[in-house]
Structures are given as C-alpha cells and as structure tokens.
Amino acid sequence: PEQLLRSLCGIPRLEGRIRAMIFKAQLEPDLDELLQKVDSLKAACEAVQGSAKLQALLKIVLHGNALNTVEFVQNNAPEMRRVTALLPTLAQAARVSLEELRAKNTDIDRGLDLVERELTAFEEAEEKEEERREAQHREAMEAWSAAKALREAARQGHDKEEGVVASLPPAPPPPVDEDVFVTVLGEFYNWAAERKEGFEEDLGAAEATFAALRAFLGVDALTEPEQIFEPLHKFLVLHVSRWPTSAAAPSSTAG
C-alpha cells in the first residue's frame, strides 16, 4: 500500500485526473439514458399529433368530461383499438421530466467545463514539463559532446592529462513522449462536446414538439409530460377492460 501511495503521489494533478476519469466513465451511459427519455417524449407527442381521434380523446380526458368520453369511445371503437397499442409509449412519456432533463443538461455542461479546465491545466503543465525535459536533454548533450571532444583530443595525443576517460558512454536519449492521458482526455472532450451538442438539439426538438401539443390541446399551464400523458395512460388502463371487444383487442376476423 505504501509503495502504491508513493507511486500515486508522483502523478501530476492526480485529483483532476480522477475527477475527469469519473465524469468520462459516467457520461456515455448518462447520455444514452437521457436520449432514450427524449425519444420517448417525442414518440408520444408525435403519436398524439398524428391521430385526430387520440387528440380528441385526450382533450376529453384532460377536461374531465366522463360522459362524453364513454360516448366517444363507443362511437370510435376501431380507432380506440389502435390507441390501446400506444400504452407503452404513453407510459414511458409519463415518466419523462423536462425539468430533470434540463438539470442533467446543466450538469453535463459543468462536467465539460471541468474537463476543459483540467485539459488546459494539463496542457500547460505538460508544456512546462516538456521545456524542462528539453533543457535537461540539452545540458546532457552538451556534457556528452564535451566528453566526446576530450576523448578525441586524448586519442590524438593533444591532451596527456590523467583521468581522461578511455571510453565514451552512449549519447543521452531524447526526451520522453508527452503524457498520454492528456491526448486521451483531449479526444474525449471533443467527442463529448459533439455528443452534448446532439443531445441539446434533440432536447430542443422534443420541447418544441411538446409545446406545440400543449398549445393544440389548450393546456399551456401543464408544463411537464406526466401532467398530460399520465392521465391519458391511467384512463386507458382503467377503461380498456370495459370497452367493447372490438375496441379493446384486434378483431378475430381481421386480415
């Protein structure tokens, strides 16, 4: 353990590296989950907007006209059969929170800012370290060149002083390559920034689609998907068993 701690202490900007690595490990699954929620919301909005019957039913449900709802269902049994097929889509949309999506988007922004700051700090530190290594290498090369010249002079008999080395050690190796972590972090930042931009575009499109649906239904005060899709989903689950067979399930004679 002590040897491990000693090794870790020798890593420059260790805390920043760890924080950046944690964010990197979490970002991809987080974005995948967020995109699934955005897609669920868009799918539900498009399903409602693509069905005049579903729009009419949703209006009735949201405004609480129970008698009108029963009459509507009875008069539109075939269309209601197709509506029940949307239950999973509606359930997924009802679990989407735009407030949560926006908060997650802000968290990702903060994470990217952290990575950008750390990347800048790493690059600056790496630049200084590279300058130090190059200066050290130049000094070593100068010493080696001087030793080489002294050896050549001794060979030619121009220098008879004692202590002249009989053999010359190899030339100093060039400076080591740059920190690979900086390269990897830079590539990750570019990838993450691109994915983040795509997510923001998808989120903006979903918000616009949801806003258009609210305006169409005349429920602008309902700002979260669950306020619209949950009542419709609950209504369908509650009443599907009471509907005529032709409405609740596909007809056995359908081709």
Side-chain angles (χ1 to χ4, degrees), residues 22-66 68-70 72-73 76 79-112 192 194-243 247-250:
I22 291 173
F23 176 72
K24 181 178 182 295
Q26 293 176 340
L27 181 60
E28 187 166 6
D30 283 353
L31 274 176
D32 289 342
E33 181 181 353
L34 293 175
L35 285 170
Q36 287 177 0
K37 292 181 178 180
V38 168
D39 290 342
S40 296
L41 177 57
K42 288 169 61 178
C45 289
E46 290 169 358
V48 173
Q49 291 178 323
S51 170
K53 296 297 183 183
L54 184 53
Q55 292 169 5
L57 175 61
L58 185 52
K59 273 188 174 182
I60 295 172
V61 171
L62 290 176
H63 292 288
N65 298 321
N68 291 344
T69 303
V70 173
F72 180 88
V73 169
N76 297 276
E79 289 79 2
M80 292 304 97
R81 181 172 64 248
R82 288 192 291 271
V83 166
T84 59
L86 295 173
L87 279 171
T89 301
L90 298 174
Q92 291 173 354
R95 291 193 292 268
V96 174
S97 167
L98 284 175
E99 182 179 0
E100 179 186 349
L101 290 177
R102 296 185 190 110
K104 287 286 189 181
N105 191 42
T106 301
D107 289 342
I108 293 173
D109 276 332
R110 293 187 183 127
L112 285 175
E194 184 177 348
R195 283 289 306 270
K196 169 67 164 46
E197 183 178 354
F199 168 69
E200 285 185 335
E201 291 177 358
D202 288 343
L203 177 58
E207 288 182 309
T209 304
F210 183 61
L213 178 62
R214 288 162 49 212
F216 176 81
L217 296 172
V219 289
D220 288 325
L222 306 182
T223 58
E224 285 290 344
E226 66 176 348
Q227 295 173 303
I228 291 179
F229 295 113
E230 186 174 0
L232 178 59
H233 180 266
K234 285 183 176 180
F235 171 83
L236 293 175
V237 171
L238 179 63
H239 293 282
V240 67
S241 61
R242 305 177 186 176
W243 291 355

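Counting from 1, the numbers follow the sequence of the chain as shown.
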Test item: S97 and E224 side chains (from C-beta on) under 4.5 Å apart, heavy atoms:
yes
Would you call R110 and D107 a salt bridge, using N to O less than 4.0 angstrom?
yes
Close side-chain approach of T223 to L98, heavy-atom, < 4.5 Å
no
Considering all heavy atoms of both residues, which atom of P225 and which atom of A93 are nearest to each other, and what is their separation?
CB-O, 3.4 Å
To the nearest 0.5 angstrom, please state how far the CD atom of E33 sits from the CG atom of L35.
10.5 Å
With the side chain counted from C-beta on, respond yes when R195 and D32 share a heavy-atom pair under 4.5 Å apart, and no when they do not.
yes
Has K196 got more than 12 heavy atoms of other residues, nucleotides or ligands less than 6.0 Å from its NZ?
yes
Could you give the distance from CZ (F199) to CG (L34), rounded to the nearest 0.5 Å?
4.5 Å
Step by step, would you call R102 with E207 a side chain to side chain contact (heavy atoms under 4.5 Å, CB included)?
CA-CA 10 Å; R102 296 185 190 110; E207 288 182 309; 2.6 Å; yes
Identify, with sequence neighbours excluded, every residue that meets side-chain contact (heavy atoms from CB on, under 4.5 Å) alongside A94.
F229, E230
If you look at every heavy atom in V96 and L101, which pair is closest and at what distance?
CG1-CD1, 3.8 Å
Quick one: pull up CG in L232 and CD1 in I228 and give me the separation to the nearest 0.5 Å.
10.0 Å
May I have the list of side-chain donor-acceptor pairs in residues 212-219 shorter than 3.5 Å, sequence neighbours left out?
| unit_1 | atom_1 | unit_2 | atom_2 | d |
| --- | --- | --- | --- | --- |
| R214 | NE | L222 | O | 2.9 |
| R214 | NH2 | D220 | O | 2.7 |

Sub-3.5 Å donor-acceptor pair from the side chain of Q92 to the main-chain atoms of K37, do we have one?
no
Side chain proximity check, E200 to I108, heavy atoms < 4.5 angstrom:
no
